[in-house]
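Worksheet: one structure, shown below.
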Amino acid sequence: MKHRSATAVLVLAAFVSLPAGAIAPGDPVRGEAIYARCQACHALGYDRTGPKHCGLFGRRAGGVPGFRYSPAMAQADVVWDANTLDRFLANPTGMMPGTAMGYAGIADRQERADLIAWLRQASASPIECPP
Amino acid sequence: MIARINPFSALQDLGRRRFLVGTGATLSAAAVALMAGRPALAAGQGSKDDNLETDVRILNTALGAELEAIAAYAVGAGSGLLQKPVLDLAVQFQGHHKEHAEVLAKTIRNLGGTPVEARERYQFPTDGLKTQNDVLGFAAGLERGAVSAYLGAVPLFRGRELASAAASILGDEAMHWAILRQALGQDPVPTAFMS
C-alpha cells in the first residue's frame, strides 16, 4: 500500500513539474545522436551539400559566405535561433518552400529540442569551430 | 544470384509522360495552356509544374550527396589505410554510389531539370583519419546520414514512382551502413527502426 502511494506521488509530481504539452529542456547528449541523421549533407566545420553549422545561432538564413544556397534560403528573412530552428526542423519545406533541404522534418518536439540544444553547444565549440 | 535492377526504370519514359519544366526553348504546359486561352487548365498545370520542380530539387540534393559520397570513398580507398577485404568493400560501395548518381542524373534530365555536377573539390576531415577504423567510422557516418536523408525525402516526392525509387536507394545505403558497422566490430543492426 505504501509502495502504491509513493508511486502515485511520483506520477503526480511528474504532471506538476511539466505542464500539459510542455517538453523537457533539450538534452544535448541525445541531440548529438539525432545529429547523425543530418550527416549525409551537413558537418559542423565545413560546407557540404548543406552549409556548415559552426556559427549557426544568430546567423541570418543563407548567411554562410561562399555557400550556394537555393534562392528561397538566400532570400529568406530569418535569423537562426531556437524558435526559428524549431519551426524549420519541424517542416523545412513548409516553413521555406523552395529550400534545397528536401527533408520531411523531425516531427517529435522533444527530439527537435534535443537537437537544437546540441547544435547550440556544438556550433559554438572552440574545438569544432575555431575562430 | 542477385538480379541487377534499375529502380528508376519505370521512369525511363517520364519525359514523354510528363511535361518539361524549366526555362529556355521548352514552354511549360502551363504556358501552352495560357497561350491557348484556357486559364483553368493553366492553373492546374502550374501546380503540376510546381510538383515537378519540387521533385527535381529533391533529386538534385540527393545527387549532390551521392557525388560527395563517391569522392569520400575515393579518399578512403586511396588513403592506404584500408586493407583487403575492407578495401574491396569500399570500392564496391563507391560503385553503388556511382550507379545511384548516374540514375539520379538521368532521371533529373528526363524530368526536364539540370543535374548538379560534382564539385572540383570536396572537404573531408582527413586530419582525423589515421587508421582503417577511422575511415570506416567516417564512411559509416555518411551512410547512416544517407539513410535518414532518403527517409526524409521519400514522403516529399510528388511522384509516387520517385518515392519508390528513392526507397530502393535507401535500402542500399542501409546495407552499406550495417556492413561498415560489422567491419568496425559494432552491432550491425542496432535498432528495429531508422529515423
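Proteins get letters first, then strands, A, B, ... in listed order; numbering begins at 1 in each.
Counted within 6.0 Å of CG on Asp187(B), heavy atoms from surrounding residues, nucleotides or ligands total more than 12; the atom is thus considered enclosed.
Contact annotation for Tyr150(B): neither backbone nor side-chain heavy atoms come within less than 4.5 Å of a heavy atom of chain A. Residue contact with chain A, scored on non-hydrogen atoms closer than 4.5 Å, involves the backbone and the side chain of Ser195(B) alike.
Scanning all heavy atoms of the two residues, the minimum distance from Ser148(B) to Tyr103(A) falls at O-CE1, 3.4 Å. Taking every heavy atom of both residues into account, Arg119(B) and Phe67(A) meet most closely at NH2-CE1, 4.2 Å. Of all non-hydrogen atoms in Ala146(B) and Ala40(A), the two that sit nearest each other are N-CB, 3.4 Å.
For Ser70(A) and Arg57(B), the side-chain atoms include no donor-acceptor pair closer than 3.5 Å.
Top candidate by heavy-atom pairs under 4.5 Å with chain B, chosen from Ala104(A), Cys41(A), Cys38(A), is Ala104(A).
The shortest side-chain heavy-atom distance between Leu142(B) and Gln39(A) does not fall under the 4.5 Å cut-off. The shortest side-chain heavy-atom distance between Arg48(A) and Gln123(B) does not fall under the 4.5 Å cut-off.
For the pair Thr61(B) (side chain) and Ala100(A) (backbone), a donor-acceptor distance under 3.5 Å is present.
The structure places CG of Leu67(B) at 8.5 Å from OG1 of Thr49(A), a figure rounded to the nearest 0.5 Å.
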